[in-house]
2 protein chains.
Amino acid sequence: MKTMHKEHTLTKNQQIIFDLIDKSPEPMKAYSILFNVQKKGIKAPLQVYRALDKLVEIGKIHKIESRNAFIACHNSSCRVAKATAFSICEICEKVTEISSAGLSKYLANFKDKDGMKYIKYNLEFFGLCKKCKVK
Amino acid sequence: MKTMHKEHTLTKNQQIIFDLIDKSPEPMKAYSILFNVQKKGIKAPLQVYRALDKLVEIGKIHKIESRNAFIACHNSSCRVAKATAFSICEICEKVTEISSAGLSKYLANFKDKDGMKYIKYNLEFFGLCKKCKVK
DNA sequence: ATTTAAATTGTTATAATATAACACTATGTA
DNA sequence: TACATAGTGTTATATTATAACAATTTAAAT
Ligand SMILES: [Zn+2]
Ligand SMILES: [Zn+2]
Ligand SMILES: [Zn+2]
Ligand SMILES: [Zn+2]
């Protein structure tokens, strides 16, 4: 039996771009990605954005909306990119994906004043990371 | 005694742009704002972005990051733009600011795995609004 | 009232982010 | 095979946002 998630065969461009993001210690922006993959034959913004769109769709990467940047998902529980949470350092811009059963349970069960629930959300926490706090 | 928040005297440009956003039934994008205030003498993107920056800073409006759009704050409890939550309809793009004591308390008290708390956050829920759900 | 600092404005130019349109190629499958 | 679906390559363009600089307004501080 196959595992339940992320069993997609990436295409050439998708794999090149995923590998780059996955190796990066920080979120990468689209044109920085483009610059870095030009030697591999990916020459145009659209090639990057198309791969990014697909990678986001299948949950291999996430977009940090407030930064227009992309990071690889290392949170096996967040399956298909529907429910994401991050902490973002406002000084060094370090981004960490938050994997908290309590948080995801709370948000998945949250009902607005109309009694409406949401299976999809994105949460970005801002503050100072450990390193930047001590400085 | 003065009330505790949002007691800023807006400048001319800030007031013009706030009024426009405040009257709009939906989030407005910067260049749409620009188009709409040109008859009032605001001619350049920077004039719009500067006013938007200030209005966000003082909490009169919020930016919907996933949409690059701005809405007026109608949530008296969210004081200075540090802690925001929205629901966004993925069909009609209707955006509603969520004002939930329980939610804001939960998020303000949330600790990540390093025990870190965050006073600033932005949460965007995605789903279908009432109208779009019945269609 | 005069000086000073801070904030705001006006302007031109440019940077950064993202998509439209179209022709073509690869892949899976009936 | 024939067909549908997804991915590619390419050029051009649209959208979102900031840099740099000079001038003006505003609000203290002396
Ligand atoms: Zn993830
Ligand atoms: Zn940091
Ligand atoms: Zn608000
Ligand atoms: Zn709707």
Side-chain angles (χ1 to χ4, degrees), chain A residues 2 6-21 24 26-71 80 93 95 122 124, chain B residues 2 6-21 24 26-71 80 88 90 93 95 122 124:
Chain A
K2 295 176 80 172
K6 292 177 184 173
E7 297 305 318
H8 292 264
T9 312
L10 301 183
T11 65
K12 181 169 133 287
N13 288 2
Q14 290 162 10
Q15 189 70 58
I16 290 169
I17 287 171
F18 174 73
D19 288 345
L20 179 68
I21 297 171
S24 171
E26 66 228 10
M28 294 197 75
K29 309 196 117 201
Y31 277 72
S32 162
I33 292 167
L34 175 59
F35 177 80
N36 278 277
V37 298
Q38 278 179 331
K39 51 185 167 304
K40 306 230 177 195
I42 295 174
K43 290 172 187 163
L46 248 195
Q47 295 173 289
V48 172
Y49 281 105
R50 287 198 282 227
L52 290 173
D53 285 350
K54 191 67 186 184
L55 291 167
V56 166
E57 182 191 328
I58 65 182
K60 299 280 289 184
I61 65 173
H62 302 302
K63 183 172 186 182
I64 311 301
E65 292 286 355
S66 65
R67 300 299 187 261
N68 298 315
F70 301 84
I71 63 170
V80 153
E93 294 291 324
V95 174
N122 180 56
E124 299 182 6
Chain B
K2 295 175 78 175
K6 292 177 183 173
E7 297 306 315
H8 294 263
T9 312
L10 302 184
T11 65
K12 181 169 133 287
N13 287 2
Q14 289 162 10
Q15 189 69 57
I16 290 169
I17 287 171
F18 175 73
D19 287 344
L20 180 67
I21 297 171
S24 171
E26 67 229 9
M28 292 197 76
K29 311 197 116 199
Y31 277 72
S32 163
I33 292 167
L34 175 59
F35 178 80
N36 278 278
V37 297
Q38 279 180 328
K39 52 185 168 301
K40 306 231 177 192
I42 295 174
K43 291 172 187 161
L46 248 196
Q47 296 173 287
V48 172
Y49 280 105
R50 286 198 283 227
L52 289 173
D53 286 350
K54 191 68 185 185
L55 291 167
V56 166
E57 183 191 328
I58 65 182
K60 299 279 290 183
I61 64 172
H62 302 303
K63 183 173 185 182
I64 310 301
E65 292 286 357
S66 66
R67 300 299 188 260
N68 299 315
F70 300 84
I71 63 170
V80 155
I88 302 171
E90 291 189 289
E93 294 292 323
V95 174
N122 180 56
E124 299 183 4

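Throughout, protein chains are lettered first and strands after them, A, B, ... in sequence-line order, and every chain is numbered starting at 1.
Taking atom CD1 of residue B:Ile16 and atom C1' of nucleotide C:dT8, one finds them 13 Å apart after rounding to whole Å. Remark: P of C:dT17 and CD1 of A:Ile33 are 11 Å apart, rounded to the nearest angstrom. Summarising the geometry, the separation between NZ on B:Lys40 and C1' on C:dT9 is reported as 18 Å, rounded to the nearest angstrom. Separating the CD1 atom of B:Ile17 from the C1' atom of C:dG10 is a distance of 13 Å, rounded to the nearest angstrom. Distance, A:Gln15 CD to D:dT8 C1': 17 Å, rounded to whole Å. Residue A:Leu55 contributes atom CG, which lies 13 Å from atom C1' of D:dG7 at whole-angstrom precision. C:dT19 atom C1' lies 15 Å from atom CG of A:Leu34, rounded to whole Å. Rounded to an integer number of Å, the gap from CZ of B:Phe35 to C1' of D:dA14 is 16 Å.
Panel note: side chain B:Gln14, backbone B:Thr11; a donor-acceptor pair is recorded below 3.5 Å.
Remark: A:Lys12 is not in phosphate contact with D:dT8, judged by side-chain N or O atoms under 4.0 Å from OP1 or OP2. Using a 4.0 Å cut-off, no side-chain N or O of A:Gln47 falls inside it from OP1 or OP2 of D:dT10. Residue A:Thr11 places at least one side-chain N or O closer than 4.0 Å to OP1 or OP2 of D:dT8.
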Reading 5' to 3' through nucleotides 24-30 of chain C, protein heavy-atom contacts under 4.0 Å coded B for base, S for sugar-phosphate only, - for none: -------

Heavy-atom protein contacts under 4.0 Å, nucleotides 15-23 of chain D, coded B base, S sugar-phosphate only, - none: -BBBBB---

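Within the 4.5 Å cutoff, the side chain of A:Met28 has no heavy atoms near those of the A:Phe70 side chain. You'll find the side chain of A:Ile21 reaches within 4.5 Å of the side chain of A:Leu52, heavy atoms only. Between B:Asn122 and B:Glu65, some side-chain heavy-atom pair lies under the 4.5 Å cut-off. Between A:Ile71 and A:Ile61 the shortest side-chain heavy-atom distance does not fall below 4.5 Å. B:Ile42 is not listed as a side-chain neighbour of B:Ile33, based on a closest heavy-atom distance of 4.5 Å or more.
Qualifying salt bridge (Lys or Arg N to Asp or Glu O under 4.0 Å) partners for B:Arg50, counting only residues two or more places apart in sequence or in other chains: none. Partners of A:Glu26 by salt bridge (Lys or Arg N to Asp or Glu O under 4.0 Å), not counting sequence neighbours: none found. A search for side chain to side chain donor-acceptor pair (under 3.5 Å) contacts involving B:Asp19 returns B:Gln15, not counting sequence neighbours.
One finds the CD atom of A:Glu124 at 7.5 Å from the CZ atom of A:Arg67 (value rounded to the nearest 0.5 Å). In this structure, CD1 in A:Ile64 is found 10.5 Å from CD in A:Glu93, a value given to the nearest 0.5 Å. The CD1 atom of A:Ile58 lies 8.5 Å from the CZ atom of A:Phe18; values are rounded to the nearest 0.5 Å.
With the end axes of the helix from C:dA1-D:dT30 to C:dA30-D:dT1 each set by five pairs, the angle from one to the other reads 40° at 10° resolution.
Remark on DNA chain C: of its neighbouring residues B:Lys54 and B:Lys43, the 5'-side contact belongs to B:Lys54, judged by nearest-heavy-atom nucleotide.
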